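Here is the structure we will look at.
From a predicted model like this one, the values you see are computed outputs, not experimental measurements.
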Amino acid sequence: MADNQQSVEQIYGDAFNAGLRPDPLLTVSEWADRYRRLSGKAASEPGPYRSDRTPYMREIMDSLSPSCPVERVVFVKGAQLGATEGGNNWVGYVVHKAPGPMMVVQPTVELAKRNSKQRIDPLIEESEVLRALVKSPRSRDSGNTVLSKQFPGGVLVMTGANSAVGLRSMAVRYLFLDEVDAYPGDVDGEGDPVNLACARTRTFSRRKIYMVSTPLIMGESRIEAVFAESDQRRFWVPCPHCQQYQVLKFDRLRWPKGEPGKAAYSCEHCEQAISNHQKSWMLPRGEWRASAEGDGRTRGYHLSSLYSPVGWYSWERAAEDWEKAQRDVELLKSFVNLVLGESWQQRGDAPDWQPLYDRREDYRIGTIPNGALFLTAGADVQRDRIEVEIVGWGRNKESWSVDYIVLPGDTAEPAIWRQLDAVLDREFPHACGRAVPIRVMCVDAGYNPEVVYDWVRRHPQASWGAASEAAGAAALYPKTAVAVKGTGATDRLLVRPTVVDGGSRKWGVRLWLLGTPVAKQQLYNWLRLRKPADESGEPYPAGFCHFPRYDEEFFRQLTAESMVDGRWELIPNRRNEALDARVYARAGAAIFGMDRFTEDDWRVLERNLAQVTGDAAEAPGRRVVRSRFLER
């Protein structure tokens with residue numbers, strides 16, 4: 001007992017004495033150069049860490065050193081810049097030289113586990129000094145688990161921003177918040193995850209917080225909001241020709257149209273061309289310069305991927321990605337976020353309905369033009385009617401409105417649901433001469449859910465990506481019904497279904513939640529795309545929407561909402577059934593697997609279309625109601 005007591009007292013005494021030691025003079029970047037090794041499991045360039053490979057990271061890392069007086073370090077960045085590895089260097093430094101409680105927060109718990117296995121474990125395994133401090137997870141009572149690493153004088157806890165329990169689990173001196181713009185807006189009803197995590201540091205007078213992220217949406221970006229409170233530093237580099245310093249800007253990158261391989265940077269002082277390989281001379285000579293006074297406790301850094309080291313992300317690649325993004329709004333958004341390191345400005349104002357009406361096409365309502373490879377349908381349920389749009393989808397998410405049908409009747413009565421059965425049973429004539437069925441019909445369960453569940457239960461229910469999982473779209477039963485409900489409480493297009501209506505997982509009805517803000521914003525981006533000039537021979541841009549000769553009311557309804565103060569609101573004196581039906585049809589395409597289709601999947605759809613059998617002619621009595629918006 002005496003020996004055990006002495007052992008406890010000795011351990012406590014050692015820890016106490018360690019806490020009395022002054023903070024080390026060694027900075028984080030110096031520690032990384034001396035002790036850090038990159039593992040081949042997690043790095044494209046394994047071996048000793050060299051801060052001269054990413055010289056702009058030195059000051060950022062050193063701002064996290066105990067000798068630096070700042071409390072918060074904020075890094076707004078593009079991709080492929082080494083930001084996360086800089087944070088991992090800080091983790092290693094804390095374990096070795098400045099022990100204390102530390103928390104690393106990823107957007108989700110699953111990402112936290114992946115980061116632990118792919119980044120933190122190799123960080124420890126490849127460093128002799130860290131292996132000696134953090135015991136192997138295979139040893140008994142090692143204190144080393146996937147989400148927790150104990151070491152003398154401290155503990156490293158990893159968690160996800162979607163776990164309120166993880167965020168309030170302990171007080172911490174060091175806090176590493178990675179990709180904060182991907183965090184949920186609210187976690188388990190307890191508020192903003194960044195605020196919850198930062199509250200864990202309040203008891204420490206010499207706390208350190210490292211916030212890093214690619215910015216996402218303007219006005220909603222957490223990282224940009226904190227950056228605005230900082231001294232807003234930019235990295236200035238000299239021109240190899242005139243030695244004048246400047247901040248690299250994308251509009252100074254020049255190349256002949258269609259030849260991104262010839263991209264070069266034009267110096268804003270001498271106008272001479274700078275080649276990508278000359279960054280190896282420029283970056284080591286760069287320096288961070290503040291552009292604002294800030295709050296005195298926060299250093300902010302902004303860096304685009306134009307600064308990515310030679311061999312990582314080149315200017316030629318940036319030019320190529322920019323050209324690709326000009327015909328796809330989603331690619332353009334990714335370019336602004338991931339390459340420029342800037343937030344995307346959402347355009348919440350509704351597109352003008354008149355240009356959409358003016359560019360209608362001459363294909364016959366109820367028929368499928370060439371290019372469309374499968375059909376989905378969206379059904380908006382009202383008290384006295386069901387409105388249905390049938391949409392054909394092709395490569396690059398190009399779409400064709402095939403028909404818009406209104407089924408009149410009391411939706412609490414079975415008669416109208418038999419009419420919807422007939423729509424789902426119907427096959428539509430394709431320009432190739434074949435008849436094509438509806439693959440997925442999404443039915444709005446927001447108005448009368450129990451009735452919708454009863455109807456959906458009578459039809460096979462789709463699983464996510466059924467086309468790909470079934471090794472070919474033809475294997476998916478054509479009469480597939482899905483219950484959907486719109487929600488504004490999600491940052492994604494579609495949330496995997498939950499079983500509702502009291503049934504078991506096998507027999508219950510699955511309800512899919514549709515992120516209506518995401519779906520409507522995407523649709524409005526697509527509706528703004530310009531049609532190529534007929535004589536240009538250019539393909540339609542990705543996401544382009546084609547419409548037959550519907551009347552004006554359809555296009556008024558399709559553009560009937562605008563974003564006001566972050567919420568979608570109906571424009572006065574407008575109706576929005578056509579808008580809702582379209583986003584439900586879009587959800588059907590996502591459930592069918594379109595967003596993850598490979599080239600092989602599209603080829604399978606083309607082969608299946610060629611093999612479909614059936615009478616393409618419209619059978620008498622098969623059409624329930626003529627399209628509501630047909631011009632007479």
When you measure from the side chain of [X] to the backbone of [Y], do you find a donor-acceptor pair of N or O atoms at a distance under 3.5 Å?
X    : Y    : result
N525 : E330 : no
D181 : L216 : yes
D601 : T598 : yes
D231 : G300 : yes
D328 : A542 : no
T27  : S65  : no
S304 : L306 : yes
S308 : Q80  : yes
T201 : C198 : yes
K520 : S562 : no

For the student: nearest non-hydrogen atoms of [X] and [Y], plus distance:
X    : Y    : answer
C68  : K208 : O-NZ, 2.8 Å
C270 : H241 : SG-CB, 4.1 Å
G185 : P193 : O-CD, 4.0 Å
Y183 : A161 : CG-CB, 3.4 Å
L177 : A197 : CD2-CB, 3.9 Å
L356 : L527 : CD2-O, 3.5 Å

**OP:** Verify the ring-centre separation between F250 and W322: is it less than 6.0 angstrom?
**Re:** yes

Specify whether [X] and [Y] have parallel, tilted or perpendicular ring planes, treating 30° as the upper limit for parallel and 60° as the lower limit for perpendicular.
X    : Y    : result
W602 : F597 : perpendicular
H546 : F544 : perpendicular
Y307 : Y56  : perpendicular
Y524 : W568 : perpendicular

Original post:
Do any pairs count as a side-chain hydrogen bond (donor to acceptor under 3.5 Å, both in side chains) and have a residue in residues 290-300, sequence neighbours left out, and if so which ones?
Top reply: S63-R299, E71-R297, R72-D295, R72-T298, D295-T298

Going by the rule salt bridge (charged side-chain N to carboxylate O under 4.0 Å, His left out), which residues pair with [X] if we only count those two or more places apart in sequence or in a different chain?
X    : answer
E320 : K324
K77  : E179
R58  : none

Once you round to the nearest 0.5 Å, how far does [atom1] of [X] lie from [atom2] of [Y]?
X    : Y    : atom1 : atom2 : answer
W90  : Y174 : CH2   : OH    : 8.0 Å
R53  : S51  : CZ    : OG    : 12.0 Å
Q244 : C239 : CD    : SG    : 8.5 Å
R530 : R528 : CZ    : CZ    : 12.0 Å
M57  : F235 : CE    : CZ    : 11.0 Å
F75  : R233 : CZ    : CZ    : 13.0 Å

Original post:
Would D52 and R50 count as a salt bridge (Lys or Arg N to Asp or Glu O under 4.0 Å) if you check the C-alpha gap in whole Å, the side-chain angles of each, and the deciding distance to 0.1 Å?
Top reply: CA-CA 5 Å; D52 58 3; R50 295 180 295 117; 3.4 Å; yes

Subject >> Candidate pair N162 and V109, rule side chain to side chain contact (heavy atoms under 4.5 Å, CB included), full reasoning >> reply: CA-CA 7 Å; N162 61 342; V109 173; 3.4 Å; yes

**OP:** Check the surroundings of atom CZ in R34: do more than 12 heavy atoms from other residues, nucleotides or ligands lie under 6.0 Å from it?
**Re:** no

Indicate whether the side chain of [X] and that of [Y] have a donor and an acceptor atom separated by less than 3.5 Å.
X    : Y    : answer
Y301 : E59  : yes
N337 : S334 : no
E323 : W255 : yes
D62  : S29  : yes
N88  : R119 : no
Q246 : R252 : no

**OP:** In sequence, state the C-alpha distance, the side-chain angles, and the governing distance for W312 and K279, and then conclude on side chain to side chain contact (heavy atoms under 4.5 Å, CB included).
**Re:** CA-CA 11 Å; W312 289 12; K279 283 192 290 185; over 6 Å; no

**OP:** Show your working on salt bridge (Lys or Arg N to Asp or Glu O under 4.0 Å) between E110 and R114 and close with a plain yes or no.
**Re:** CA-CA 6 Å; E110 286 303 313; R114 185 185 308 171; over 6 Å; no

**OP:** Would you check, one step at a time, whether the test salt bridge (Lys or Arg N to Asp or Glu O under 4.0 Å) holds for R586 with D595?
**Re:** CA-CA 10 Å; R586 170 67 179 98; D595 298 291; 2.7 Å; yes

Do [X] and [Y] have side chains that get closer than 4.5 Å, going by heavy atoms?
X    : Y    : result
F204 : P101 : yes
C545 : L523 : yes
V74  : I223 : yes

**OP:** From the options L156, V91, V104, select the one residue that forms a side-chain contact (heavy atoms from CB on, under 4.5 Å) with K149.
**Re:** L156

Original post:
Looking at V180, L111, V157, L175, which one forms a side-chain contact (heavy atoms from CB on, under 4.5 Å) with V105?
Top reply: L175

**OP:** For the pair E606 and L373, evaluate side chain to side chain contact (heavy atoms under 4.5 Å, CB included) and give the outcome as yes or no after the intermediate values.
**Re:** CA-CA 7 Å; E606 289 171 338; L373 298 177; 3.9 Å; yes

Original post:
Any cation-pi pair here, R289 with W236, using under 6.0 Å and within 45°?
Top reply: yes

Original post:
Of all residues at least two apart in sequence or in a different chain, which pass the side chain to side chain donor-acceptor pair (under 3.5 Å) check with S399?
Top reply: R582

Original post:
Does the side chain to side chain contact (heavy atoms under 4.5 Å, CB included) test come out yes or no for E85 and T54, once each step is laid out?
Top reply: CA-CA 10 Å; E85 287 303 337; T54 54; over 6 Å; no

What pairs of donor and acceptor atoms, side-chain ones from residues 122-133 against any protein atom, are under 3.5 angstrom apart with sequence neighbours left out?
from, atom 1, to, atom 2, distance (Å)
S127, OG, L130, N, 3.4
R131, NH1, E125, O, 2.7

